[in-house]
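Take a look at the structure below.
Keep in mind that what you see is a predicted model, and the values were worked out from it rather than measured.
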Amino acid sequence: MKRFAPLIFAACAAVAGAENISGTHTYPQFRNVSALSGGMFGVLPSGKASIAGAMAISTPIGYSLGKGVFAAGIGNMSNDQTLRFFSSKDKDKNFGQSNGTGYLMEGFRTPFGALTVGGELLSLAGDTCLNLQWQAPTTDPRLGLSVGVQDTFGVGGSAGEGLPTDGDSSTSYFGVGTYQVNPDLYVSLGAGTRRFKGVFGNVSYGLSPKLKAVAEYDTYNWNGAVAYDAGSILHNRVSTTIGLGTIRGKNTFFSVGFNF
């Protein structure tokens, strides 16, 4: 029973729900795949990208990408439980049926620790932001401690796309720690400002060498997902991860990530 506890945790996350993702201070464009290190792709304590590593959905983890490690991908969150592969505006309503996001990030090593620099596409309208994460050196290789910022220049807004009256900054600082409990289980806990205001946490558990379950509390709601290692492409130089999950039990999303 203990072995399947994380899977049960993810199942509980999938049925939890609360208020709609709309309005000021709900940060809808940042509640999808995070475009931060570990966002629906695994990161090992060494900084290497792998399905065997720590993983989250929209919340940060404590491991930064290693030197010369790249991650790129896309995600799409529906406004309901229907799985959509991107869509235009609803014919009867003035908003999209889903929100697509994309990211590209790279890991660097500095004399003071590891740094991940990432660009994030917040929607198909073309608005973008810059994310930064720095991991401090520790004496325990299983422990990762990071600080960072999502949307460094505050351009995304707190209420989402197409709301010109939304003048609030979406620059969100965070601090987070991740610990590798065993080769299959990673646990993270952190806190921050704005999008991450309050306490957040995530758990990821390897169900098999190619399948991982993820659950998180993002300070708003519980989210759950599974990720699958779809193998390598381009002469085994690029690994592919496919994800499927739910945000607060009401918004279905998918993701496709590439690590190289």
Run the side chain to side chain contact (heavy atoms under 4.5 Å, CB included) test on L130 and D151 for me, step by step, so that the C-alpha distance in whole Å, both residues' side-chain angles and the decisive distance to 0.1 Å come before the verdict. CA-CA 5 Å; L130 175 68; D151 194 358; over 6 Å; no
N99 side chain to L122 backbone, donor-acceptor under 3.5 Å: yes
Do we see a donor-acceptor contact under 3.5 Å between the side chains of Q180 and Y186? yes
Can I get a per-line list of side-chain donor-acceptor pairs under 3.5 Å for residues 135-144, giving both atom names and the distance, sequence neighbours left out?
unit_1 : atom_1 : unit_2 : atom_2 : d
Q135   : OE1    : S64    : N      : 2.7
T138   : OG1    : D140   : O      : 3.0
T138   : OG1    : L143   : O      : 3.0
D140   : OD1    : R142   : N      : 3.0
D140   : OD1    : R142   : NE     : 3.2
D140   : OD2    : R142   : NH2    : 3.3
R142   : NE     : Y179   : OH     : 3.3
R142   : NH1    : Y179   : OH     : 3.2
R142   : NH2    : Y179   : OH     : 3.0

Decide yes or no on side chain to side chain contact (heavy atoms under 4.5 Å, CB included) for T241 and M40, but give the supporting numbers first. CA-CA 8 Å; T241 304; M40 289 308 296; over 6 Å; no
Between I61 and G38, the two heavy atoms sitting closest are CD1-CA, 3.8 Å
The ring pair (Phe, Tyr, Trp, His ring centres under 6.0 Å) partners of F258 (sequence neighbours excluded) come to none
Shortest non-hydrogen pair, G75 vs V33, comes out as CA-CG2, 4.2 Å
Report yes or no: do T252 and R84 form a side-chain donor-acceptor pair below 3.5 Å? no
Tell me whether L132 is reachable from V147 by hopping between hydrophobic residues (I, L, V, M, F, W, Y) whose side-chain heavy atoms are closer than 4.5 Å. yes
Take N32 and I247 through the side chain to side chain contact (heavy atoms under 4.5 Å, CB included) test and state the conclusion after the steps. CA-CA 8 Å; N32 196 347; I247 305 299; 5.8 Å; no
Check: F112 main-chain N/O paired with W134 side-chain donor or acceptor under 3.5 Å: yes
Under 3.5 Å: donor-acceptor pair, side chain of T171, backbone of G154: yes
With salt bridge (charged side-chain N to carboxylate O under 4.0 Å, His left out) as the rule and sequence neighbours excluded, what pairs involving residues 220-229 come up? K210-D229
Can you tell me how far the CD atom of E120 sits from the OG1 atom of T128, to the nearest 0.5 Å? 9.5 Å
Any carboxylate oxygen within less than 4.0 angstrom of a Lys/Arg side-chain nitrogen, looking at R195 and D218? yes
Treating Ile, Leu, Val, Met, Phe, Trp and Tyr as nodes and any side-chain heavy-atom pair under 4.5 angstrom as an edge, say whether L36 and V214 lie in one connected cluster. no
When rounded to the nearest 0.5 angstrom, what distance separates SG in C129 from OH in Y103? 14.0 Å
With rounding to the nearest 0.5 Å, note down the distance linking CG in L211 to CD1 in I51. 7.5 Å
Same cluster (ILVMFWY, side-chain, under 4.5 Å), L115 and L104: no
N251 and S78: side chain donor to acceptor below 3.5 Å: no
Compute whether any side-chain donor of one residue and acceptor of the other, for N76 and S98, lie under 3.5 angstrom apart. yes
Identify, with sequence neighbours excluded, every residue that meets ring pair (Phe, Tyr, Trp, His ring centres under 6.0 Å) alongside Y228. none
Applying ring pair (Phe, Tyr, Trp, His ring centres under 6.0 Å), can you list everything that pairs with F30, at least two apart in sequence or on another chain? none
Separation between CG of N259 and CG of L65, rounded to the nearest 0.5 Å: 8.0 Å
Determine, stepwise, if the pair Q150 / Y173 fulfils side chain to side chain contact (heavy atoms under 4.5 Å, CB included). CA-CA 6 Å; Q150 188 173 53; Y173 297 96; over 6 Å; no
Does R248 offer a backbone N or O that forms a donor-acceptor pair with the side chain of N223 under 3.5 Å? yes
Can you tell me how the ring of F70 sits relative to the ring of F260, calling it parallel under 30°, perpendicular over 60° and tilted otherwise? parallel
For V176 and F200, work out which heavy atoms get closest and say how close. CG2-CE1, 3.8 Å
Which pair of non-hydrogen atoms, one from S37 and one from T116, has the smallest distance, and what is that distance? CB-OG1, 4.3 Å
Say whether, by atom type as modelled, one donor and one acceptor occur between the side chain of S172 and the main chain of S170 under 3.5 angstrom. yes
With hydrophobic residues grouped by side-chain heavy-atom distances under 4.5 Å, do V238 and I242 end up in a single group? no
R31 versus N221, side-chain donor and acceptor atoms under 3.5 Å: yes
Compare every heavy atom of S188 with every heavy atom of T178, then report the nearest pair and how far apart it is. OG1-OG, 2.6 Å
Quick one: does T219's side chain have a donor or acceptor within less than 3.5 Å of a partner on G198's backbone? no
Scan L244, T101, T246, I57 and name whichever one has a side chain to side chain contact (heavy atoms under 4.5 Å, CB included) with F253. I57
Find out if a path of hydrophobic residues (ILVMFWY) with successive side-chain heavy-atom gaps under 4.5 Å connects M55 to F196. no
S204 side-chain N/O to A54 backbone N/O, donor-acceptor pair under 3.5 Å: no
For K67, all residues meeting side-chain contact (heavy atoms from CB on, under 4.5 Å), sequence neighbours excluded: R109
Which heavy atom of R194 sits nearest to which heavy atom of Y220, and what is that distance? O-OH, 4.3 Å
Is it the case that the side chains of S58 and E216 hold a donor-acceptor pair, with the cut-off being a distance below 3.5 Å and no angle test? yes
